[in-house]
Amino acid sequence: MGLQDFMTVFSNLDPSCKGFVTSHQVLEFCQSIYHSSISVEQIEHAITQICGSTSSGRVSRQQFIAVLEEIERRRSVEEQAYWDFQALDYKGTNRISLKDALMMFREFHGDRFSLYTWKEFLQSRDDPGEQVYFDEIRLWLCNYPSGEPASKDQITQEEEQLIKIQSRHQSDTINKLKQIQDDKEEIQEYLDNAQYNAQRRRNKWDKQGLEAMLFDDGLEADDDTTSTKSKDTITMSDVNDAMTQKYDKLKSKLLWEMAKMSAAMESDRHEIFQQLCREEKQYSREGSLQDRIGGLSGSRLDLIATLTGLMGEVRSHDLKRKEQTEKKRETLRQQGMKEQDIDKAIQTEYQGVISGDTTCGASLINLIERFKLEKEETMMAVKSRASMSSVALENEYYRLLRQHLLLTDEWGFPALAMAVGLAERPQQYRSTKGNDWDRNRSEQLSQIQLEDRKGRKLQHTPADLVDSNKLDDLGLTDLKQHLIKEIVQKHFYEREAMINMLQGRESEQQKKKAHQMSSQERKKRLKVLRNQQISWSQSNSDDTQHLHQILTEAVALYCEVRREELLPTASIVTDNVVAECVLADLIQRQEVEYEASLEQFVSKQVKSDVIFLIKKENKMRIKEHFDNISFVALGTIEISAEDKDYVDALDVKYDTLRKNILRMGLEYKMGTEWKQLNEKERKKYIKEKEKEERKLRGLGQLQDMESLIGPKSKALPSLRQLIGEEKSEYEKRLKEQRKIGQNQEDEPPAEKFPHMNFLADLVPRYDNEQEAMLIWLKSTSTKQLPVKTQRLKIVLLKLETFCAQLEEDFEVSALSVGLIERLMAALQNRHPKDQSRQYDLAMRRTRLRLANLQQKEPTKKKEKSFTPEKGDLTGWQTAYLYEVMKRHYDEREQLLKYLQDESITELMEAASEMSADERKSRLAELQTKRRKLDLANSGETNCKKVTKCMKKRCSRGGIKLFPCPSKHLKIDVLSLTLASTKFYETYTQCLLP
């Protein structure tokens, strides 16, 4: 490869043009070109050698080739050293003597061999007299020696000294073996330890495979090693056992961290870890751990914070501190201190609580003390809730179980401690650092996870569908444990996906686009993406790639939203800070979701209910719905059980409008064939088109929806011209006009708004109406209203839906629905555009009926009446208005029947010859005759039935009902025409919506 080729490689590794690549990226590149593996330690040492110790693992473009050359040199030296080591290991023990190790140092360091470097190597070993492994020597052989070159005399003296060291080591080993033989307790401990490790490795083989057993990390298998009997109840003993297991796992993770930090070579970690476990166990049994903690390997090494700083205080202490903090905050407010200064004062005080000794040894002591404290606090908490002890026990047990599962992740001890600490306490979504110290932990945890995952490929969830037969065999408690595992797994892969969306190569382009948008443009685009995500979920599509594209773009937009929010509190907001903030939002959201899920499934006492939840979580994980990412990035609003009725009513309304549009498209495309179909066949066609529409809406292909309607839609007015402006726009405009005492102004011209096609235009209209409604539901003024007053909103939505259902023609239904939407806000008067729509609606209805008469089309059957359940106030209000709407429909039909009679022209001419006074006189005479009508006559049977039905249906409404006109009324034809003409004018102005 030439120079230009290497520069191209660097550019490919650095797509965002940051000017540097990380050690992980260099490692991936080297692994792709070398047949043999190369360790990350060699990469890191090569970067340190070329770029310096302050480079933090970053390689600039100018240093890239030099680093690759150094890696190649190290790879060559390591390969030669390996075969030389094998030649010296004539016993096949994978070890060589110290003298042979010295010879290898001299061979590979040549004339630059230094006793200073050799002594450093010996001092880095826990036991300088022990034989040497290859893993602990290979880096030393590859590194350049430091210090003065050694003379021959110095080398000879060192060889003699090594012989003495080895002899002394062999003598000490023999003495230790004799002591072990004499100490029966030590022998038993050795046997117990050997048996424990054998069982542990077997569990690893059974649960994680042969590779996990061969490359043993000294830790327990992810799942419990013992099989438990199926059970349906939780006892205090179970909670205590779970608490003990939690702290045993934390202790193991901390000891492993100490072994990892203190080991010079990766291969030494397991041996050091086993030694630490034995020593900790022995010292704890003897009660001397606190006195002898300094002698443990790695105990003096520092973590990033104290144990309290990582995990926080136990739940009860944390709650008390927050209560005290709120009291102090209120006191400082009364003293006139600003909120920003109050936040700083509280944070400073809390820093004093979490400050202290950050060494691993101190953390181990504090961990043991914390275990005792949490155990006592948990027992007291459960006893204090004796009336609900079983529920309290389950809550504690399942919280602990989730913490166990979090400890199986591959993060280091600091990250795991923070994750467990956050899981101990209920979290708030998107809290601020000023009033919630757990927010700081969430962001610190995010920083570690983002850094650890840099340069790594996205992990996809395995397609491990649950086995229904196995679930049926489990007890209730075991099923709930299975559910928790599903939730934890789902959360893990959501975090992995979010990290990839924040710093993966695929997201760079979306970030640039989002950064170039204005705040308003980002807001509008997020609305569109939210609708696409909802539609995708409803379509049951298997195209997860499309969902990932939606969410990747949404995350990029949300990052810019968060950047704007962070700018007032910080002078510089880097991409890393924004990413940490966004990932912390997801972590907090997941904590909130788990608490809600816990409250839900703990109350379940039927196995089938829990199995249903397991299958639901399993499906969401495997299909990678990433609901929590959607919640964070798209701002998905949580809909409570009380609000669901409102949203459902809105969904039905828009589904009805879509159905009318699709019916219109089918009528145009199929022509006479459509007319020959029965109602069942027509519904089948419409159902198929609805599936296509949902799929296109889910994929965001709004332009393609036009194919479902056909070219007819291009010749029709736009959706906004038919329905009118959106509810929220109209109400806002009307409120402002009334505030200044101004009469209603006309709505803005529809031509100013973009128009795509009817189905596509419904999408943003639905989004805006839903958002406005949810904001209204959450507002303080709405919450102060009586519930029955609030639920009138549902009645009006159902009325709008019913109005659309009554009409066969889409244009008529759209005009009618739009006028109904603005009915309550315009009881006194309509603005000019709506007055024009009223006239247009009357004309369309007249023409539609006339066309049906000419083609001998049957009149559409009205929707059947329904009887709500007793006590369902909303249902009875809706039923009442349905009957009113149907009566209006009957009145329109009867009136149009009179007006479209063949003799109407002749009668209208006769009426026009009368003077105004004669018409008024005749109308008064007709009104008198109407009052004298005998409605008990058989000719009035139909009218009587309708009246009786309406009185029965609406008896609770308390309104006076009038009978509708009947064709059997014996009235002078001319007088009837005059009355009908006057009634039509009145109905158009007042009765029509």
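Keep in mind that the numbers below use all heavy atoms, side chains included, and drop hydrogens, waters and symmetry copies.
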A.B. asks: With side chains defined as the heavy atoms from C-beta onward, is the minimum distance between Ile365 and Leu307 less than 4.5 Å?
C.D. replies: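 No, too far: nothing below the 4.5 Å cut-off.
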A.B. asks: Less than 4.5 Å apart, any side-chain heavy atom of Leu400 and any of Val239?
C.D. replies: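 The answer is yes, as the side chains (C-beta and beyond) meet within the 4.5 Å cut-off.
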A.B. asks: Are any of the side-chain heavy atoms of Ile587 and Ser446 separated by less than 4.5 Å?
C.D. replies: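 SC-SC contact between Ile587 and Ser446 confirmed.
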A.B. asks: Mind checking what makes side-chain contact (heavy atoms from CB on, under 4.5 Å) contact with Glu280, not counting sequence neighbours?
C.D. replies: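 Scan of Glu280 (side-chain contact (heavy atoms from CB on, under 4.5 Å), adjacent residues dropped) gives Lys251, Leu255, Ser284, Leu289, Leu364, Ile368.
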A.B. asks: Within this structure, what is the CD-OG distance for the pair Glu41 and Ser23, rounded to the nearest 0.5 Å?
C.D. replies: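 Rounded to the nearest 0.5 Å, the CD-OG separation comes to 11.0 Å.
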A.B. asks: Are Arg453 and Glu496 close enough, and set up right, to give a salt bridge (Lys or Arg N to Asp or Glu O under 4.0 Å), and what steps lead you there?
C.D. replies: CA-CA 8 Å; Arg453 284 289 182 265; Glu496 290 293 303; 2.8 Å; yes
A.B. asks: Is it true that a side-chain atom of Thr306 and a backbone atom of Gly309 form a donor plus acceptor pair closer than 3.5 Å?
C.D. replies: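 Here the side-chain-to-backbone pair exists.
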A.B. asks: Please determine whether side-chain contact (heavy atoms from CB on, under 4.5 Å) holds for the pair Val632 and Tyr429, giving the CA-CA distance in whole Å, both sets of side-chain angles, and the decisive distance to 0.1 Å.
C.D. replies: CA-CA 10 Å; Val632 171; Tyr429 176 59; 3.7 Å; yes
A.B. asks: Any side-chain heavy atom of Val132 within less than 4.5 Å of one from Phe121?
C.D. replies: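 The answer is yes; the side chains approach within 4.5 Å.
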A.B. asks: Distance-only check: which donor-acceptor pairs under 3.5 Å involve side-chain atoms of residues 297-304, not counting sequence neighbours?
C.D. replies:
from, atom 1, to, atom 2, distance (Å)
Ser299, OG, Ile293, O, 3.0
Ser299, OG, Gly294, O, 3.3
Ser299, OG, Leu296, O, 2.9
Asp302, OD1, Thr358, OG1, 2.9

A.B. asks: Among all residues two or more places apart in sequence or in another chain, which pass the side-chain contact (heavy atoms from CB on, under 4.5 Å) test with Ala305?
C.D. replies: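 If we apply the side-chain contact (heavy atoms from CB on, under 4.5 Å) test to Ala305, skipping adjacent residues, the hits are Leu310.
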A.B. asks: Per the side-chain hydrogen bond (donor to acceptor under 3.5 Å, both in side chains) rule, what does the pair list look like for residues 359-369, sequence neighbours excluded?
C.D. replies: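 The answer is Asp357-Thr359.
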A.B. asks: Are the side chains of Arg621 and Pro462 in touch, meaning some heavy atoms are under 4.5 Å apart?
C.D. replies: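 SC-SC contact between Arg621 and Pro462 confirmed.
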A.B. asks: Between Glu377 and Arg315, does a salt bridge (Lys or Arg N to Asp or Glu O under 4.0 Å) hold up when you go through it step by step?
C.D. replies: CA-CA 8 Å; Glu377 294 291 335; Arg315 194 186 318 147; over 6 Å; no
A.B. asks: For Lys249 and Thr408, indicate whether the former's side chain and the latter's backbone hold a donor-acceptor pair under 3.5 Å.
C.D. replies: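 No: the side chain of Lys249 does not pair with the backbone of Thr408.
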A.B. asks: Is any side-chain heavy atom of Leu401 closer than 4.5 Å to one of Lys480?
C.D. replies: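 Sidechains of Leu401 and Lys480: no contact.
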A.B. asks: Report yes or no: do Arg278 and Gln275 form a side-chain donor-acceptor pair below 3.5 Å?
C.D. replies: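 Indeed, the side chains of Arg278 and Gln275 share at least one donor-acceptor pair under 3.5 Å.
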A.B. asks: Check the pair Glu424, Asp318 against side-chain contact (heavy atoms from CB on, under 4.5 Å), reporting the backbone distance first and the verdict last.
C.D. replies: CA-CA 10 Å; Glu424 290 177 348; Asp318 183 78; over 6 Å; no
A.B. asks: Given Gln588, which partner from the list Arg439, Glu593, Glu443 fulfils the side chain to side chain donor-acceptor pair (under 3.5 Å) test?
C.D. replies: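 Going through Arg439, Glu593, Glu443 one by one, the side chain to side chain donor-acceptor pair (under 3.5 Å) with Gln588 is satisfied by Arg439 alone.
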A.B. asks: Per the ring pair (Phe, Tyr, Trp, His ring centres under 6.0 Å) rule, what does the pair list look like for residues 454-485, sequence neighbours excluded?
C.D. replies: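 The answer is none; no pair qualifies.
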A.B. asks: Compare all side-chain heavy atoms of Gln590 with those of Leu586 and state whether any distance is below 4.5 angstrom.
C.D. replies: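 A side-chain contact under 4.5 Å exists here.
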A.B. asks: Does atom NZ (Lys454) have a neighbourhood of more than 12 heavy atoms from anything else shown, all under 6.0 Å?
C.D. replies: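 More than 12 heavy atoms, drawn from other residues, nucleotides or ligands, come within 6.0 Å of this atom.
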A.B. asks: Keeping Arg125 on the side-chain end and Glu130 on the backbone end, is there a donor-acceptor pair under 3.5 Å?
C.D. replies: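 Between the backbone of Glu130 and the side chain of Arg125 there is a qualifying donor-acceptor contact (under 3.5 Å).
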A.B. asks: Here's a test for you: under side chain to side chain contact (heavy atoms under 4.5 Å, CB included), which of Leu471, Ile487, Ile484 qualifies with Ile614?
C.D. replies: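 That would be Leu471.
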A.B. asks: Say whether, by atom type as modelled, one donor and one acceptor occur between the side chain of Asp473 and the main chain of Lys470 under 3.5 angstrom.
C.D. replies: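 No, the answer is negative, given that no donor and acceptor are paired below the 3.5 Å cut-off.
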A.B. asks: Under a 3.5 Å distance rule, please check whether Asn618 uses its side chain to pair with a backbone N or O of Asp464 as donor and acceptor.
C.D. replies: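 Looks like yes, one N/O pair under 3.5 Å.
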A.B. asks: Going by an N to O cut-off under 4.0 Å, is there a salt bridge joining Glu591 and Arg402?
C.D. replies: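 A salt bridge links Glu591 with Arg402.
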A.B. asks: Within the distance-only criterion (no hydrogens, no angle test), does the side chain of Asp467 pair as donor or acceptor with the backbone N or O of Asn469 below 3.5 angstrom?
C.D. replies: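 Yes, because the side chain of Asp467 sits within donor-acceptor range (under 3.5 Å) of the backbone of Asn469.
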A.B. asks: Go through the steps to decide whether Phe273 and Lys260 satisfy the test side-chain contact (heavy atoms from CB on, under 4.5 Å), and finish with yes or no.
C.D. replies: CA-CA 8 Å; Phe273 172 70; Lys260 191 168 64 173; over 6 Å; no
A.B. asks: To the nearest 0.5 Å, how far apart are CZ in Phe626 and CE in Met620?
C.D. replies: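 Between Phe626 CZ and Met620 CE, I get 11.0 Å after rounding to 0.5 Å.
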A.B. asks: Under 4.0 Å between a side-chain nitrogen and a carboxylate oxygen: does that hold for Glu486 and Lys615?
C.D. replies: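 A salt bridge is absent here (no side-chain N lies under 4.0 Å from a carboxylate O).
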A.B. asks: Would you mind listing every ring pair (Phe, Tyr, Trp, His ring centres under 6.0 Å) that reaches into residues 349-377, with sequence neighbours excluded?
C.D. replies: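 Qualifying pairs, neighbours excluded: Tyr247-Phe371, Tyr350-Trp437.
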A.B. asks: Is there a donor-acceptor contact under 3.5 Å from the side chain of Glu494 to the main chain of Asn628?
C.D. replies: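 Yes, because the side chain of Glu494 sits within donor-acceptor range (under 3.5 Å) of the backbone of Asn628.
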A.B. asks: Taking only Lys NZ, Arg NE, NH1 and NH2, and the carboxylate oxygens of Asp or Glu, determine whether Lys490 and Glu617 approach each other closer than 4.0 Å.
C.D. replies: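 Counted as a salt bridge, because a side-chain N and a carboxylate O are separated by less than 4.0 Å.
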A.B. asks: Flag the pair Asp436 / Lys322 as yes when at least one side-chain heavy-atom distance between them is below 4.5 Å, and no otherwise.
C.D. replies: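 Yes, close enough: below the 4.5 Å cut-off.
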A.B. asks: Under the criterion salt bridge (Lys or Arg N to Asp or Glu O under 4.0 Å), I'd like the reasoning laid out for Asp438 against Arg441: C-alpha separation, chi angles, the key distance, then a yes or no.
C.D. replies: CA-CA 5 Å; Asp438 273 343; Arg441 291 189 182 91; 2.7 Å; yes
A.B. asks: Leu250 vs Phe413, test: side-chain contact (heavy atoms from CB on, under 4.5 Å). Steps then yes/no.
C.D. replies: CA-CA 8 Å; Leu250 278 167; Phe413 177 76; 4.2 Å; yes
